[in-house]
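The structure appears right after this line, and notes come after that.
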Amino acid sequence: MKTKFSEDIIPVSVLKINPSKVVKQVQEVHRPVVLTNRGRGVAVVQALQDYEENMEQQAFMKGVVKGLVDLEEGREVALSD
């Protein structure tokens, strides 16, 4: 999900004028849109489905890392226990 600067960075004024265009874009291309105000990034718009998938992946990866840390620190339980 690499940002295409020519498509994925838009002024807040465009969102105010045509919000459905921005929503349609994030749903179709599966990339977040960065909203700017006076040339500075102020917010990100992302499709809900993409956001939920990212949150699930993040939670999974945190669990994997925690499990690896537990193994390295000797906190493990045998399956027979």
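The main-chain N or O of Glu7 is found under 3.5 Å from a side-chain atom of Gln25 such that the two form a donor-acceptor pair.
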In sequence, state the C-alpha distance, the side-chain angles, and the governing distance for Val44 and Leu35, and then conclude on side-chain contact (heavy atoms from CB on, under 4.5 Å). CA-CA 6 Å; Val44 175; Leu35 300 176; over 6 Å; no
After noting the C-alpha distance and the side-chain angles of Gln49 and Glu53, does the key distance pass the side chain to side chain donor-acceptor pair (under 3.5 Å) rule? CA-CA 6 Å; Gln49 180 181 356; Glu53 288 175 10; 3.3 Å; yes
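Scanning both residues, Gln46 and Pro32, for their nearest heavy atoms gives CB-CB, 4.2 Å. Of all heavy-atom pairs spanning Arg31 and Val26, the tightest one is O-CG1, 3.6 Å.
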Can I get a per-line list of side-chain donor-acceptor pairs under 3.5 Å for residues 12-23, giving both atom names and the distance, sequence neighbours left out?
residue, atom, partner, partner atom, Å
Asn18, OD1, Ser20, OG, 3.1
Asn18, OD1, Lys21, N, 3.4

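Heavy atoms of other residues, nucleotides or ligands lying less than 6.0 angstrom from CZ of Arg75 number more than 12.
Taking hydrophobic clusters as Ile, Leu, Val, Met, Phe, Trp and Tyr residues chained together by side-chain heavy-atom distances below 4.5 Å, Leu68 shares a cluster with Met61. Criterion: ILVMFWY side-chain heavy atoms under 4.5 Å apart, direct or through other members. Under it, Val45 and Val34 are not part of a common hydrophobic cluster.
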